[in-house]
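Hydrogens, waters and symmetry mates play no part in the numbers below; they use all other heavy atoms, side chains included. Here is the naming used below: chain letters follow the sequence lines, and residue numbers restart at 1 for every chain.
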There are 2 protein chains.
Amino acid sequence: MGITKTEGFSEETNKMAEVLKALGHPARLSIMEYLAKSPSCVCGEIVDELPLAQPTISRHLSELKKVGLIKGNIDGKNICYCINEEGWNGVKDFVANLSGILESKNSCCK
Amino acid sequence: MGITKTEGFSEETNKMAEVLKALGHPARLSIMEYLAKSPSCVCGEIVDELPLAQPTISRHLSELKKVGLIKGNIDGKNICYCINEEGWNGVKDFVANLSGILESKNSCCK
DNA sequence: TTCCCATATTGCAATATTAGAATATGATGA
DNA sequence: TCATCATATTCTAATATTGCAATATGGGAA
């Protein structure tokens with residue numbers, strides 16, 4: 001079917017899955033890494049940096065934006081993209097939370 | 001095309017993207033949450049827990065296994081699935097690392 | 001052995017994703 | 001105004017993903 005079933009899962013699970021899915025692509029992950037490291041964040045630089053055509057990158061950017069992982073500020077002709085800390089913190093918290101649960105119990109498989 | 005371009009990205013980026021992609025599905029994320037919380041981890045319980053048919057869950061389990069997020073121990077007729085801490089730590093470290101970089105610089109977008 | 005039980009695999013059909021060419025938009029500068 | 005630059009959108013073909021029915025596998029019990 002290709003369609004992802006979301007009924008029966010909690011709202012948070014579905015939301016987090018969408019965010020993680022957005023991160024689960026080399027180009028989008030690279031964009032996040034680049035934005036985290038780079039002092040500046042103009043769209044054009046990302047296009048220069050990645051081995052993909054401009055329209056493809058534009059689409060990936062909009063996908064990251066859709067799930068709230070990045071935000072863009074229009075700056076004249078350019079658009080300055082940055083990591084949306086609020087969105088990223090959602091991921092961070094989720095991972096920390098699951099890690100905490102894991103640590104508090106021992107695995108039943110060896 | 002539907003094919004994800006991986007040339008031009010680092011090995012680690014591609015690997016991490018695969019892992020995050022595996023997490024980026026409500027059923028698979030739920031499985032991870034369930035395995036983290038549950039004291040036991042028999043496959044059948046997961047099938048009972050999730051609103052999906054057994055073959056579908058089996059596929060999701062094998063996908064999680066493929067990227068190293070879980071492992072399974074055969075236990076008589078049953079299979080006992082657990083989170084593979086090594087694999088999970090990869091995610092944890094990645095997130096912590098990016099968070100660290102983020103904290104050490106201020107966003108250029110407001 | 002034969003019959004269950006638990007899990008995996010196969011084989012679809014439906015839908016989603018991906019990449020890039022072509023094109024559109026929208027701002028700035030001449 | 002018109003040309004140019006930066007980015008977004010649209011379109012299309014190729015491929016991937018998803019879900020489930022049907023079936024296979026493989027272990028234990030009778």
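Taking the side chain to side chain donor-acceptor pair (under 3.5 Å) definition, one finds that A:Ser10 meets it with A:Thr13, sequence neighbours left out. Every residue meeting the side-chain contact (heavy atoms from CB on, under 4.5 Å) condition with A:Asn14, not counting sequence neighbours, appears here in chain and number order: A:Thr6, A:Phe9, B:Pro26. Applying the side-chain contact (heavy atoms from CB on, under 4.5 Å) rule to A:Lys66 yields no partners; only residues at least two apart in sequence or on another chain are considered. Contacts of B:Glu45 classified as side chain to side chain donor-acceptor pair (under 3.5 Å), with partners at least two apart in sequence or in another chain: B:Tyr34, B:Ser40. Every residue two or more places apart in sequence or in another chain that forms a salt bridge (charged side-chain N to carboxylate O under 4.0 Å, His left out) with B:Glu63 is listed here: B:Arg28.
Separating the NZ atom of A:Lys65 from the C1' atom of D:dT9 is a distance of 14 Å, rounded to the nearest angstrom.
Counting heavy atoms from C-beta outward, A:Asn84 and A:Leu69 have side chains that stay 4.5 Å or more apart. No side-chain heavy atom of A:Ile79 sits less than 4.5 Å from a side-chain heavy atom of A:Val42. Between B:Cys82 and B:Ile70, every side-chain heavy-atom pair lies at or beyond the 4.5 Å cut-off. Put simply, the side chain of A:Leu64 reaches to within 4.5 Å of the side chain of A:Ile31, judged on heavy atoms.
Mapping A:Glu45 and A:Gly2 onto DNA chain D by nearest heavy atom places A:Glu45 closer to the 5' end of the strand. The residue among A:Gln54 and A:Ile3 whose nearest nucleotide of DNA chain D is located toward the 5' end is A:Gln54. Remark on DNA chain C: of its neighbouring residues A:Ala53 and A:Ile74, the 5'-side contact belongs to A:Ala53, judged by nearest-heavy-atom nucleotide.
Here the range on DNA chain C touched by chain B, meaning any atom under 4.0 Å from one of its heavy atoms, is C:dC5 to C:dG20.
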Please report, to 0.1 Å, the donor-acceptor pairs under 3.5 Å made by any side chain of residues 88-100 of chain B, with sequence neighbours excluded.
from: B:Trp88; atom 1: NE1; to: A:Ser99; atom 2: OG; distance (Å): 2.9
from: B:Asn89; atom 1: ND2; to: B:Glu85; atom 2: O; distance (Å): 3.2
from: B:Lys92; atom 1: NZ; to: A:Glu103; atom 2: OE2; distance (Å): 3.3
from: B:Ser99; atom 1: OG; to: A:Trp88; atom 2: NE1; distance (Å): 2.9
from: B:Ser99; atom 1: OG; to: B:Val95; atom 2: O; distance (Å): 2.9

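The stretch residues 7-35 of chain B comes close to DNA chain D through B:Lys21, B:His25, B:Arg28, each having a heavy atom under 4.0 Å from the strand. Remark: A:Pro55, A:Thr56, A:Arg59, A:His60 in residues 55-62 of chain A come within less than 4.0 Å of DNA chain C through at least one heavy atom.
Screening residues 51-71 of chain B for ring-ring contact (aromatic ring centres under 6.0 Å, His included), with sequence neighbours left out, gives B:His25-B:His60. Sequence neighbours left out, not one pair with a member in residues 36-55 of chain B passes ring-ring contact (aromatic ring centres under 6.0 Å, His included).
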Polar atom pairs (N or O), protein with nucleotides 4-6 of chain D, under 3.5 Å:
from: D:dA6; atom 1: O3'; to: A:Asn78; atom 2: OD1; distance (Å): 3.3

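Between the side chain of A:Ser62 and the backbone N or O of A:Arg59 there is at least one donor-acceptor pair closer than 3.5 Å.
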